[in-house]
Student: 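Sharing a structure below in structure tokens format, with a few things to ask.
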Protein chains: 2
Amino acid sequence: MLRPTSFDVAERAGVSQSTVSRALRGSPGVNAETRARVSAAARELGYVVDRHASSLRLKSSETLALVTICRPGEDRSAINPFYFALLGSIAAATSARGFNLLVSFQESPANFRADFVASGLADAMIVIGTTSNRAAWDYFAEAQASGLEFVCWGSPGDPFHWMRSDNDAGGRIAAEHLVATGRRRPAFVGPQRSPQRQFDERRDGFAAALAAHGITPAIVSPPAGADRHAQGVAAARALLDAHPDTDAIFAASDMLALGVLQGLKDAGRSVPGDVALIGFDGIRAGTLADPALTTLEPDLDAAGEALVAMALEDDDHRLGGTRIPVRLARRGTA
Amino acid sequence: MLRPTSFDVAERAGVSQSTVSRALRGSPGVNAETRARVSAAARELGYVVDRHASSLRLKSSETLALVTICRPGEDRSAINPFYFALLGSIAAATSARGFNLLVSFQESPANFRADFVASGLADAMIVIGTTSNRAAWDYFAEAQASGLEFVCWGSPGDPFHWMRSDNDAGGRIAAEHLVATGRRRPAFVGPQRSPQRQFDERRDGFAAALAAHGITPAIVSPPAGADRHAQGVAAARALLDAHPDTDAIFAASDMLALGVLQGLKDAGRSVPGDVALIGFDGIRAGTLADPALTTLEPDLDAAGEALVAMALEDDDHRLGGTRIPVRLARRGTA
DNA sequence: CTGAAAGCGCTTACAG
DNA sequence: CTGAAAGCGCTTACAG
């Protein structure tokens with residue numbers, strides 16, 4: 001027998017197929033002795049409920065779909081590690097609910113897909129990943145306009161239901177920490193007016209807190225570059241050219257910050273001696289840098305949990321706009 | 001109408017439901033004009049084939065399950081980035097076949113699961129992740145013994161169908177490079193007789209190539225530690241105590257190597273000036289280290305493709321034991 | 001507490 | 001080339 005069915009279990013246990021189904025689902029009103037006999041028969045046969053039949057009947061697949069948008073042409077191993085970490089925390093929150101997780105990396109029209117819920121494969125969908133892939137987000141905007149629901153991380157655009165870090169608070173914390181440690185000529189490095197509004201939020205929180213101290217930060221938008229790290233290297237150079245006396249940098253993300261760190265070293269500046277540096281995201285690679293990167297770390301467990309809760313249990317998206325708390329992970333660079 | 005079915009499409013197109021199914025599946029022998037009418041009706045209704053009904057009927061789900069074993073109690077963001085990168089390449093190979101990917105991170109008996117194929121959810125299963133979680137691998141060994149098939153990365157134990165890097169060649173390449181660049185007192189840092197035989201293979205290739213030059217490397221097994229990085233820091237210390245004149249280190253993995261790099265710096269050794277260092281895996285964080293880590297880099301695309309091919313298309317596992325080629329990524333440390 | 005039966009939405013052999 | 005019908009393996013309302 002290739003794959004036993006509930007009829008096979010029924011025969012072995014000497015009951016009807018409907019009783020097998022009830023017993024195995026834990027339905028109330030099944031005699032304890034009967035239930036035990038059915039369980040034993042199922043175990044002996046190596047029977048596992050067919051999820052397709054079950055899902056078809058129940059009209060629910062207990063599965064969450066997670067789409068990660070990649071940069072076009074990007075090597076999969078070059079995906080920003082923040083998204084891998086977020087994927088991990090989403091997986092944990094999904095598994096805690098007994099749900100399965102369907103994962104899809106998408107980068108070009110050839111593999112854009114938003115029909116996981118429409119096909120019944122998943123009960124809800126989450127979209128994360130780079131906002132730099134305009135074609136992908138246009139595709140998902142259109143999908144949403146045509147009635148396909150999903151929830152996303154960050155703020156890739158206006159029509160979406162999103163959730164993101166408390167970026168404003170993060171910017172303020174960075175500012176206060178730098179001022180408290182004696183820095184007076186701080187700069188912000190990050191994309192300006194990016195569709196990913198997170199970056200502007202971080203800058204604005206930073207600038208607002210500095211303003212209370214009578215300080216105006218230099219603002220540097222990273223030049224175009226292959227990835228955030230390369231952009232950071234170039235941004236450090238540009239910043240030091242324009243403001244050689246900079247004594248502190250708040251970078252809009254860790255990958256950017258790690259590039260800035262490299263650029264500072266290349267320029268002969270010591271960190272944190274000459275220049276203090278703070279990133280944002282809390283990626284693992286930051287702890288391996290030399291010195292280890294001081295950063296604003298969102299509570300990733302909370303992020304995964306909140307995203308999954310919003311996707312799966314929050315039909316009217318009341319959780320929309322929830323701010324995930326961030327904390328200063330003080331390490332070597334500031 | 002909540003979710004349209006093929007009957008709704010049939011009504012709109014003025015054909016029978018069976019014709020809708022044939023037209024949409026691209027079955028031969030459907031009138032071109034009919035097919036076009038059906039497609040139009042489906043589009044207008046936003047109809048998408050129900051995958052559960054389809055899979056139930058076809059007895060195939062076009063889905064691959066990927067299990068990643070984690071260290072017990074490990075934060076998801078602390079998972080060795082090599083496995084995230086491998087996950088990415090497996091996702092690419094899966095998606096290239098038009099298959100879905102079901103992802104499951106497992107760490108403790110509470111969430112061990114190997115029944116993805118048995119429940120019909122997936123057509124095949126791949127297992128990757130740390131070999132340090134003995135309970136998990138015992139669980140999967142038992143699953144395999146009871147008839148659940150899967151394919152894994154590395155060599156977590158004997159009963160498994162596996163695929164791994166050409167570790168022996170990698171060890172030899174490391175040795176030849178170090179000798180060619182003038183190093184004469186090399187050491188190997190890595191777990192000895194680990195269930196993950198990869199490590200011993202790397203060491204043996206390394207030692208064999210050195211032997212041809214009349215050199216015997218020092219061998220250091222990293223002390224127990226929270227993770228590979230911490231183990232690397234401690235191993236560097238232990239190695240320098242026992243062999244202060246060491247001028248080159250080949251570490252069994254990049255995370256270990258990054259710890260060793262930290263340990264060397266802590267001890268005041270310059271890299272690569274005093275000590276050259278080579279890792280294994282090609283993780284992204286290595287490129288961010290200072291100096292950037294020289295490493296043996298497996299061809300990840302080939303690894304993902306071969307694993308997926310073996311899981312999905314190689315029923316008798318003739319691909320078992322395939323060696324994924326590695327190349328020396330020469331960066332700053334050697 | 002248990003069984004017979006309907007039905008979830010498809011695919012395809014069979015008939016025409 | 002197209003339609004009517006069986007059947008994939010479940011879950012549960014209905015009857016007893």
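Just so it is clear, the structure is predicted and the values come from calculations on it, not from any experiment.
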Student: Without decimals, in angstroms, what is the distance between A:Arg51 CZ and C:dC8 P?
Tutor: 21 Å
Student: With a 3.5 Å distance limit and no angle check, can you tell me whether B:His52 reaches the backbone of A:Gly120 through a side-chain donor-acceptor pair?
Tutor: yes
Student: Measuring from the side chain of A:Leu56 (C-beta onward, heavy atoms only), which nucleotide among D:dT2, C:dA4, D:dG9 has the closest atom?
Tutor: D:dG9
Student: Does NZ or CZ of B:Arg134 lie under 6.0 Å from the centre of the six-membered ring of B:Trp137, at an angle within 45° of the ring axis?
Tutor: no
Student: Counting N and O atoms only, with roles assigned by atom type, does the side chain of B:Tyr83 sit under 3.5 Å from a partner on the main chain of B:Gly129, one being a donor and the other an acceptor?
Tutor: yes
Student: At under 4.0 Å between heavy atoms, which parts of nucleotides 11-16 of chain C does protein reach? Answer with one letter per nucleotide, 5' to 3': B base, S sugar-phosphate only, - none.
Tutor: BBB---
Student: Is a donor from one side chain sitting under 3.5 angstrom from an acceptor on the other, for A:Ser21 and A:Ser18?
Tutor: no
Student: Report, as yes or no, whether the 6.0 Å neighbourhood of atom CD on A:Glu44 holds more than 12 heavy atoms from other residues, nucleotides or ligands.
Tutor: yes
Student: Take atom P in C:dC1 and the same atom in C:dA5, then report the distance between them in whole Å.
Tutor: 23 Å
Student: Checking A:Asp301 against A:Ser89 for the side-chain hydrogen bond (donor to acceptor under 3.5 Å, both in side chains) test, could you report, in this order, the C-alpha distance in whole Å, the side-chain angles of both residues, the deciding distance, and whether it holds?
Tutor: CA-CA 5 Å; A:Asp301 287 345; A:Ser89 77; 5.5 Å; no
Student: Tell me what A:Thr34 touches on the nucleic acid: a base, only sugar-phosphate, or nothing, going by heavy atoms under 4.0 Å.
Tutor: sugar-phosphate
Student: Check the distance between D:dT2's C1' and B:Phe7's CZ and give it to me in whole angstrom.
Tutor: 15 Å
Student: Would you call B:Glu313-B:Arg97 a salt bridge at under 4.0 Å N-O?
Tutor: yes
Student: Side chain of B:Thr5: nearest nucleotide among D:dC8, C:dC10, D:dC10?
Tutor: C:dC10
Student: Roughly, in whole Å, what's the span from CZ in A:Arg35 to P in C:dC1?
Tutor: 9 Å
Student: I would like to know whether B:Arg71 and B:Asn80 meet side-chain hydrogen bond (donor to acceptor under 3.5 Å, both in side chains); could you show each step before the answer?
Tutor: CA-CA 10 Å; B:Arg71 291 178 169 235; B:Asn80 191 324; over 6 Å; no
Student: Could you measure between the two P atoms, the one in C:dA13 and the one in C:dG9, and give it in whole Å?
Tutor: 23 Å
Student: For DNA chain C, report each stem as range with range, ordered by first number, or say none. Use Watson-Crick or G-U wobble pairs under 3.5 Å, at least 3 in a row.
Tutor: C:1-3 with D:14-16, C:5-12 with D:5-12, C:14-16 with D:1-3
Student: Could you tell me how far apart B:Glu11 (CD) and D:dA4 (P) are, to the nearest whole angstrom?
Tutor: 13 Å
Student: Check the angle between the aromatic planes of A:Phe150 and A:Phe140 and answer parallel, tilted or perpendicular using the 30° and 60° thresholds.
Tutor: perpendicular
Student: May I have the distance from A:Asp50 (atom CG) to D:dG7 (atom C1'), rounded to whole angstrom?
Tutor: 13 Å
